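Here is the structure we will look at, set down as structure tokens.
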Amino acid sequence: MALARARRERGIDYWPGFVDALSTLILGIVFLLSVFVIVQFFLSQEVTGKDTALQRLNAQLAQLTEMLSLEKVGKANLEDTLSSLRANLALAETERDRLKGVNEGLASGGSRAAELAAQLDAQKGVTGRALAQVELLNQQIAALRRQLAAIEASLEASEAKGKEAQTRIADLGQRLNLALAQRVQELSRFRSEFFGRLRAILGNRPDIRVVGDRFVFQSEVFFDAGAAVVRPEGRAELDKLATALLELEKQIPGDVAWVLRVDGHTDIRPIASAAYPSNWELSAARAISVVQYLIQKGISPQRLVAAGFGEFQPLEAGQTEDAYRRNRRIELKLTER
């Protein structure tokens, strides 16, 4: 009974199950992204092949259409010739009948009748050849129509497959957007935890504040005026920052593409020193100094980005000492790579 009471007081440890579920979810997302990339590659290859086949079929269709037009023109000419020959045949038959009547009455017209009969036989031969050509053209037109029907069926099948592929690509795109949105939410959660931890470590100092999704340090915390070498007091603050960042680096999964961006900013007053000819060089050098110090403290270089903005991204307009002080700053932003 004492053992059972001890188990009830200890409670149930849900943490291992939560870690297993989170690992399974991340592996599933990675698997879905891999499947989407593979499927998108094969679908792109298939759509490219279908587009090539469709262009080739369109070219064949245009060629066959031109041939059909030529055949139709030839058929029309042959039909006109056939009509003319039939009219001539009718006239010849009429003339033959008339000549036969004359031949019965006039023996002297026998030679003329024989000549007309020979002409009639010749006309019949020409008519037969024309009819054979017309029949051949009809067969060719029928074959062309069958080819056109097959091509149209192939085009319809290709269009149906293309629409299906587009639908599948759109569905995979929606899944990818959903997965990316989940990753963004996950990174936002880690960013909130990181900033919350920094607030707890650094405390409520007037020269350190949060602006939107960035942690803003006044330049005087780390650097002397016109210099880019980290002061001893600034190193102490960067040590706190490095501690929080090392803990965060252990918690964020390795497949989440995140970086800590260090931005250097100056006021609008020109510097024009020998070491730093412009505020561009000064702001970039300060950001690089912070990054190099964090690397010395064990932060992975792949997780750090240094950027210099000079005086071109001020927080406060104006030319007062307070505006100058607020615009001279180092900003930290946890973002995607």
Side-chain angles (χ1 to χ4, degrees), residues 36-174 176:
F36 170 74
V37 172
I38 294 172
V39 171
Q40 189 175 24
F41 173 77
F42 283 107
L43 287 178
S44 299
Q45 294 294 325
E46 183 178 355
V47 170
T48 302
K50 295 301 180 181
D51 290 339
T52 304
L54 183 60
Q55 292 176 359
R56 186 169 59 252
L57 290 173
N58 285 333
Q60 292 179 359
L61 179 60
Q63 184 179 4
L64 291 173
T65 303
E66 183 178 0
M67 292 175 60
L68 180 60
S69 299
L70 294 175
E71 292 294 340
K72 286 181 177 179
V73 172
K75 180 182 177 182
N77 293 333
L78 288 175
E79 287 177 351
D80 293 338
T81 303
L82 180 60
S83 299
S84 177
L85 291 174
R86 285 176 177 173
N88 293 334
L89 178 60
L91 292 175
E93 288 177 347
T94 303
E95 184 66 18
R96 185 192 60 183
D97 293 339
R98 187 181 66 81
L99 290 176
K100 282 182 178 180
V102 173
N103 190 39
E104 291 177 356
L106 298 172
S108 61
S111 60
R112 178 60 179 170
E115 183 181 353
L116 290 175
Q119 292 179 359
L120 179 61
D121 292 336
Q123 292 292 337
K124 286 182 177 179
V126 173
T127 302
R129 289 193 298 271
L131 289 174
Q133 291 180 358
V134 170
E135 182 63 26
L136 179 61
L137 288 175
N138 287 333
Q139 293 177 1
Q140 292 178 353
I141 290 173
L144 289 174
R145 287 177 177 173
R146 288 193 297 268
Q147 291 181 3
L148 286 176
I151 291 173
E152 290 177 354
S154 298
L155 287 175
E156 291 177 356
S158 298
E159 289 177 356
K161 290 182 180 180
K163 290 180 180 179
E164 182 181 356
Q166 291 295 335
T167 302
R168 293 173 62 185
I169 290 174
D171 181 57
L172 290 174
Q174 292 177 356
L176 177 61

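No experiment lies behind these values; they were computed from the predicted model shown.
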CD1 (I141) and CE (M67) are apart, to the nearest 0.5 Å, by 11.0 Å
Taking C-beta and beyond as the side chain, do N138 and K75 meet within less than 4.5 Å on heavy atoms? yes
Applying side chain to side chain donor-acceptor pair (under 3.5 Å), can you list everything that pairs with N58, at least two apart in sequence or on another chain? none
Measure the spacing between CG of L68 and CD of Q63 and express it to the nearest 0.5 Å. 12.5 Å
Expected list for residues 128-135: side-chain donor-acceptor pairs under 3.5 angstrom, two or more places apart:
none

What side-chain hydrogen bond (donor to acceptor under 3.5 Å, both in side chains) pairs are there with at least one residue in residues 140-153, not counting sequence neighbours? none
